[in-house]
Trainee: 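Can you keep this structure in mind? I'll have questions shortly.
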Amino acid sequence: MEAEKIAKSTQEQATAAWIQYLYRVRIDRLQDLLQQQGEHLEAALSTLDDTWETIKNDIINKGAGRGGANGMHGFIAEVAECGISNARHQLEHGGLGPNIWIDDNGPADIAREGILIQQKFCEAGGNLSLAAIKKHLETYPDFLGNGNKYQIPRDHYDKVVELLKMPEDQANKLPTDTGGFSLRQWRMVHRFFDEGSVTLEDIEPSELSYPSVQRDTIEIAIEDTRAELQNQSDAETTKIKVENKATVQEGAKTTAVSAAIEAVTTLILAIQRKRKEGKKLAEFTTEDWENIAKESGIGAVKGGIRGAGVYVLTNSGLTNASVASAMITAMFGIADQIYQYHNSQLDENQLLENTESVCMDAAVSVVFSTLGQAAIPVPILGAIIGNAVGTLLFQTGKDVLSEQDAMLLQKYATDLKEYQEQHLSEYAELLNRLDQQLTAYMLLLDEAYAPDIAKALEGASRLARMLGVSEENNLDTDAKFEAFFFG
């Protein structure tokens with residue numbers, strides 16, 4: 001029975017250790033992802049800070065920077081594109097951003113993973129920066145080889161796309177040369193791409209619009225980007241927390257596995273118990289198998305309750321899995337003892353003693369499982385070994401102590417009996433002498449209070465001697481009496 005108890009306790013703590021391991025893996029992954037997200041955001045915001053410092057000090061430089069009043073926005077756009085694109089990449093993927101500012105007045109402004117990019121931010125003529133692309137391509141006719149790209153302001157790119165999609169009959173209804181869209185622009189865009197030198201795939205939108213890269217607006221654009229990245233990071237943090245929280249599905253899976261493990265353990269122990277009675281498997285009766293099946297079913301129910309309870313208590317942060325499992329084990333044990341008590345199978349003292357033993361066994365299981373996991377930091381294994389060794393030591397020690405307690409009680413009872421027998425005669429003699437003295441005392445007391453004064457005085461004198469009054473103070477003569485009262 002002790003071996004069975006140890007095996008059952010070990011199985012229970014193994015289940016708890018497995019649930020604790022799942023919890024720890026989930027929490028560790030959540031912490032790693034949250035830390036990673038925080039680091040990505042910090043790197044992205046740092047890149048934006050560096051970008052603004054470069055634009056403010058090297059490009060704008062209090063209005064005396066590069067490009068002059070008309071060309072400054074072009075340099076601002078190049079630096080801002082690299083900085084903002086890299087910051088977005090760092091937030092989403094980590095690491096260094098892929099965009100490099102070339103800054104050599106050559107055919108390309110930006111390099112990105114082997115692709116060269118030439119920016120064209122030109123508002124003049126309302127040609128949506130396409131005329132500037134055409135002029136650049138005339139100077140560098142081989143630029144679009146190897147997948148290189150032209151980049152124009154985002155608002156220009158959006159207009160180009162919309163005008164390309166617009167049918168001619170709708171374009172004919174546009175103003176001739178005014179407003180946000182014009183027939184002239186429609187014709188210019190279609191003529192540009194009809195020439196065949198450049199396709200829409202050769203052009204990409206910048207991170208920013210043309211108005212955003214001006215000297216007086218770029219700081220606002222960077223701050224807006226900062227807020228956008230912060231919001232994006234907050235949304236990703238929330239998503240990480242949701243995706244890595246405890247779920248009903250995982251709880252149900254844990255409950256099912258726990259029920260199966262406990263059912264199998266109960267089945268094996270029940271069969272082993274029958275075999276220890278001397279029966280072979282072939283000799284098991286239908287009744288034997290029914291009893292075994294009943295025990296296994298109860299084990300499955302207990303295992304399901306254990307799995308669900310431990311999962312909820314552990315993942316809610318209320319307690320450790322080992323403690324939760326021990327609480328459930330104690331709950332089952334106490335419920336069983338109360339059931340026996342109500343069915344008159346136990347008296348009140350036995351109920352209290354057995355309940356105390358159940359709680360002590362559960363506490364020992366928790367302590368040694370925890371110590372085992374700390375000593376052997378291998379998931380589940382440490383808890384199993386710790387529980388098995390600790391429970392064995394405790395059960396052995398408890399048995400030895402129980403035997404010692406019985407021996408001490410037996411010796412105490414024997415000594416008490418010998419003492420009683422040894423002093424029984426002395427006790428009887430003392431009682432007899434006490435009885436005689438009390439009898440004499442009562443007789444003298446009667447004489448002392450006799451109606452006859454002479455007899456009363458004689459009785460009082462004899463009573464005084466019996467009580468130890470000295471002869472000098474004993475009023476046994478007329479002379480002593482007169483001296484005491486009239487002297």
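As the structure is a prediction and not an experimental result, all values here were calculated from the model.
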Trainee: Quick one about Glu204 and Gln151 (side-chain donor to acceptor, distance below 3.5 Å, no hydrogens or angles considered), yes or no?
Mentor: yes
Trainee: Side chains of Gln35 and Glu39: does their closest heavy-atom pair fall under 4.5 Å?
Mentor: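 Result yes, sub-4.5 Å side-chain heavy-atom pair found.
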Trainee: Report yes or no: does Trp186 contribute a side-chain atom to a donor-acceptor pair with the main-chain N or O of Met166 at less than 3.5 Å?
Mentor: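 The answer is yes, because a donor-acceptor pair under 3.5 Å joins these two groups.
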Trainee: Just checking, any donor-acceptor pair under 3.5 angstrom between side chains of Gln230 and Asp234?
Mentor: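 A donor-acceptor contact under 3.5 Å links the two side chains.
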Trainee: Side chains of Leu45 and Arg226: does their closest heavy-atom pair fall under 4.5 Å?
Mentor: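 Yes, close enough: below the 4.5 Å cut-off.
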Trainee: Verify the distance criterion only: is there a donor paired with an acceptor across the side chains of Ser46 and Asp49 at less than 3.5 Å?
Mentor: no
Trainee: Does a donor on one side chain and an acceptor on the other come within less than 3.5 Å for Thr54 and Thr51?
Mentor: no
Trainee: How many angstroms lie between atom CD of Glu207 and atom CZ of Arg88, to the nearest 0.5 angstrom?
Mentor: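 It is 4.5 Å, given to the nearest 0.5 Å.
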Trainee: Could you tell me whether the side chain of Asn127 and the main chain of Ser129 form a donor-acceptor pair under 3.5 Å?
Mentor: yes
Trainee: Test your reading of the model: is there a side-chain donor-acceptor pair from Ser85 to the backbone of Cys82, 3.5 Å cut-off?
Mentor: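 No, Ser85 side chain to Cys82 backbone: no donor-acceptor pair under 3.5 Å.
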Trainee: Taking Asn148 for the side chain and Ile117 for the main chain, is one N or O donor matched with an acceptor at less than 3.5 Å?
Mentor: no
Trainee: Under a 3.5 Å threshold, yes or no: a donor from one side chain and an acceptor from the other, between Asn244 and Arg26?
Mentor: no
Trainee: Can we call the ring centroids of His73 and Phe121 under 6.0 Å apart?
Mentor: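 No, the ring centres sit 6.0 Å or more apart.
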Trainee: So, Glu78 versus Gln119: side-chain donor-acceptor pair below 3.5 Å or not?
Mentor: no
Trainee: Do Ile115 and Lys149 have side chains that approach each other closer than 4.5 Å (heavy atoms only, starting at C-beta)?
Mentor: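 Of all side-chain heavy-atom pairs linking Lys149 with Ile115, at least one is under 4.5 Å.
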Trainee: Side-chain contact test, heavy atoms from C-beta onward, threshold under 4.5 Å: evaluate it for Gln37 versus Leu33 and give yes or no.
Mentor: no
Trainee: Looking only at atom types and distance, does a side-chain atom of Ser209 sit under 3.5 Å from a main-chain N or O of Pro153, one as donor and one as acceptor?
Mentor: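 Absent.
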Trainee: Is any side-chain heavy atom of His190 closer than 4.5 Å to a side-chain heavy atom of Glu168?
Mentor: no
Trainee: Going by the angle between their ring planes, with limits at 30° and 60°, are Tyr210 and His156 parallel, tilted or perpendicular?
Mentor: parallel
Trainee: Just do the side chain to side chain donor-acceptor pair (under 3.5 Å) check on Ser206 and Glu81 with the steps written out, would you?
Mentor: CA-CA 7 Å; Ser206 169; Glu81 177 67 27; 2.6 Å; yes
